[in-house]
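Data block below; observations after.
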Amino acid sequence: MARPAAYSIWSLVRNALNQHEGWQRVWRQPEPKPVYDIVIIGGGGHGLATAYYLARKHGITNVAVIEKGWLGGGNTGRNTTVVRSNYLYDESSAIYEKSMQLWEGLSQELNYNTMFSQRGVLAIAHNRHGLEEQNRRGGAIRLNGIDSEWLSVAEVKAFCPIINTSPTLRYPICGAMLQRRGGNARHDAVAWGFARGADAAGVDVLQNTEVTAILREGGRAVGIETSRGTIRARRIGIVVAGHSGVLAGMAGFRLPIESYALQALVSEPIKPVLHTVIMSGAVHVYISQSDKGELVMGASRDSYNSYAQRGSFNIIEDQMAAVKELFPIVSRLRMMRMWAGIVDVCPDASPIIGKTPVENLYINCGWGTGGFKATPGSGWAFAHTLATGEPHPINAPFTLERFATGYLVDEHGAAGVAH
Amino acid sequence: MLLIACPHCGPREQTEFVCGGESHIERPPTPEALTDHDWGQYLFMRKNPKGWHYERWLHAQGCRRWFNVARHTVSHEVRATYPMGQPPPVIEG
Ligand SMILES: Cc1cc2nc3c(=O)[nH]c(=O)nc-3n(C[C@H](O)[C@H](O)[C@H](O)COP(=O)(O)OP(=O)(O)OC[C@H]3O[C@@H](n4cnc5c(N)ncnc54)[C@H](O)[C@@H]3O)c2cc1C
Ligand SMILES: [Zn+2]
């Protein structure tokens, strides 16, 4: 089978000279096979990364990724791309930092530009309690060998000149916690890069294929029913974010997960004014600037269950009030587009990556409002779980059983904001 | 934005209310007899349906009373509001 040529400066020049007519299809459009070793349900970043590491790291290539829409059309293509690894607990540190280390080499590994930019992530404290919390958190993060710095108000102002540090603000800035290795990446490119890499290794990426049932025989999962026919598999992994409860329902078990709309919006493009990511948990907004020049902003999720990919207006109102107070220069900017994704929220704000009550059926979900940053690490750990049938030490704490044993990884409010 | 008819005050804007999540979850009558698994089911497991959802809301900036709402999680249509303690209405489809 002909594999696409590697991207390089030379391929760019060659194709530019040919009016860009020579670019190859990036992945195949195969017909589903009747049987695979492993089937992954959900073609978001996490599902595609799982397939990539199954093929590249574990040598398992008789794999299909089943996506009901288009690749990355779920939360992967809707998120605001904040990447950081400064979590409080050891369990979270291990998996998010693994992910960060994979991000740092990802574009080279995939031969695909994920536009990963370590421009720093700054979390603002607005009162004494916020400062104390940052101190404790920063200490825990550094003890886990992860970078974290504290900036005074003057240092915050020097780091980000457009921020309003006036002491007369309703919620004045008292200091901030900075992870310099944090930043942003291009969301679609992450899905496309993993899909291209997985496809090149022989994985079938099946778009426009919806899973409608999970076939069980004697309490074991043996395959799936899809809009393109029955597919059998030795092991099945569910990676469908907001639809996790729907898929679990097909297999006859429940999850501690609820689905909510989380929205974001962008302004009209302007000249570069913001070279970092800034988040405030207390006034609840976070902001960065895309390479196109748009200011990208998000806030909290809606409070009620939803599968509608449509956010409430009151959230926008609150978020714009907060952003205008922190960055007065945005007051006359027009906002261009808004959208929402359906996020899968766990009671302890940590993921579930491992076994289900059904044999041969595994799940990776519960990333909620903050799983984009975990895409490579989550795929890496889930690939190990699907390949061996057992979790890797970095995802072993994130079981479904923790909701019976009480061993929660309670990351609520990690770094103040949920992203 | 939702328009919710509080059974006590009539139709009001969603921002006056607080959503309390899935309704009709009963505390097990004999907690001491429960296994950890069953206790976990009661505490954490949720229906999270794509469809009609029966949920609790609090009229926080009104009469400050709790009540139930039958709402669709895709269309967001509010089909019924009814007092705490009443069984959920039967909705076709
Ligand atoms: C507005 C917003 C902002 C966010 N900001 C950040 C951020 O700044 N940083 C961060 O780290 N995280 C952020 N997140 C969270 C992040 O987007 C998600 O945690 C992450 O992208 C989840 O990836 P995934 O691959 O698990 O899910 P998805 O990308 O949602 O993929 C799941 C896929 O499963 C498919 N699927 C569902 N049902 C079926 C079926 N029956 N059959 C076949 N396929 C099916 C869906 O179509 C979908 O493509 C944000 C989320 C949103 C919505
Ligand atoms: Zn009322």
Side-chain angles (χ1 to χ4, degrees), chain A residues 68 210 240-250 252-261 263 300-318 340 342-350 352 356-357 365-366 368 399-408 410, chain B residues 1-6 12-25 28 31 33-61 66-81 88 91 93:
Chain A
K68 72 173 174 185
E210 179 165 3
V240 295
H243 279 75
S244 298
V246 175
L247 270 289
M250 290 180 194
F253 65 96
R254 286 196 302 167
L255 291 169
I257 281 184
E258 298 203 79
S259 300
Y260 301 97
Q263 62 184 321
S300 41
R301 62 167 173 81
D302 277 351
S303 63
Y304 51 87
N305 296 47
S306 175
Y307 286 85
Q309 292 186 327
R310 188 172 68 238
S312 300
F313 191 73
N314 58 303
I315 304 268
I316 297 182
E317 225 175 340
D318 292 347
I342 300 303
V343 294
D344 41 336
V345 175
C346 236
D348 59 355
S350 287
I352 299 166
T356 71
C365 65
T399 59
L400 183 54
E401 287 86 68
R402 76 178 185 272
F403 297 96
T405 61
Y407 194 152
L408 304 190
D410 203 354
Chain B
M1 186 109 62
L2 306 176
L3 187 65
I4 299 172
C6 170
R12 298 292 182 87
E13 244 182 51
Q14 173 209 324
T15 47
E16 291 189 13
F17 299 90
V18 169
C19 183
E22 184 179 326
S23 194
H24 307 291
I25 300 174
L34 243 49
T35 61
D36 287 353
H37 172 83
D38 291 342
W39 189 244
Q41 292 282 317
Y42 156 68
L43 270 186
F44 295 119
M45 300 300 151
R46 294 294 177 263
K47 294 196 178 111
N48 193 25
K50 186 173 185 174
W52 291 105
H53 192 228
Y54 304 93
E55 56 197 19
R56 299 169 305 167
W57 285 76
L58 167 68
H59 196 181
Q61 292 172 46
W66 285 95
F67 59 96
N68 289 312
V69 173
R71 188 181 57 84
H72 199 279
T73 58
V74 180
S75 68
H76 293 176
E77 178 192 342
V78 174
R79 181 63 67 85
T81 57
I91 301 179

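The distance from atom CE of B/Met45 to atom CG of A/Leu400, rounded to the nearest 0.5 Å, is 5.0 Å.
Most heavy-atom pairs under 4.5 Å with chain A: of the set B/Gly21, B/Pro49, B/Gly20, this distinction falls to B/Pro49. With chain B as the partner, the residue from A/Ile342, A/Ile315, A/Ile257 showing the most heavy-atom pairs under 4.5 Å is A/Ile257.
Residue contact with chain B, scored on non-hydrogen atoms closer than 4.5 Å, involves the side chain of A/Leu408 exclusively. Contact of B/Leu2 with chain A is made through the side chain alone, with heavy-atom distances under 4.5 Å.
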Inter-chain donor/acceptor N,O pairs below 3.5 Å: chain B to chain A:
unit_1: B/Arg46; atom_1: N; unit_2: A/Leu255; atom_2: O; d: 3.2
unit_1: B/Asn48; atom_1: O; unit_2: A/Tyr307; atom_2: OH; d: 2.7
unit_1: B/Asn48; atom_1: OD1; unit_2: A/Ser259; atom_2: N; d: 3.0
unit_1: B/Asn48; atom_1: OD1; unit_2: A/Asn305; atom_2: ND2; d: 3.4
unit_1: B/Asn48; atom_1: ND2; unit_2: A/Ile257; atom_2: O; d: 3.3
unit_1: B/Asn48; atom_1: ND2; unit_2: A/Ser259; atom_2: OG; d: 3.0
unit_1: B/Asn48; atom_1: ND2; unit_2: A/Tyr307; atom_2: OH; d: 3.4
unit_1: B/Lys50; atom_1: NZ; unit_2: A/His243; atom_2: NE2; d: 2.7
unit_1: B/Arg71; atom_1: NH1; unit_2: A/Asn305; atom_2: O; d: 3.3
unit_1: B/Arg71; atom_1: NH2; unit_2: A/Asn305; atom_2: O; d: 2.7
unit_1: B/Thr73; atom_1: O; unit_2: A/Tyr307; atom_2: N; d: 2.7
unit_1: B/His76; atom_1: NE2; unit_2: A/Ser306; atom_2: OG; d: 2.7

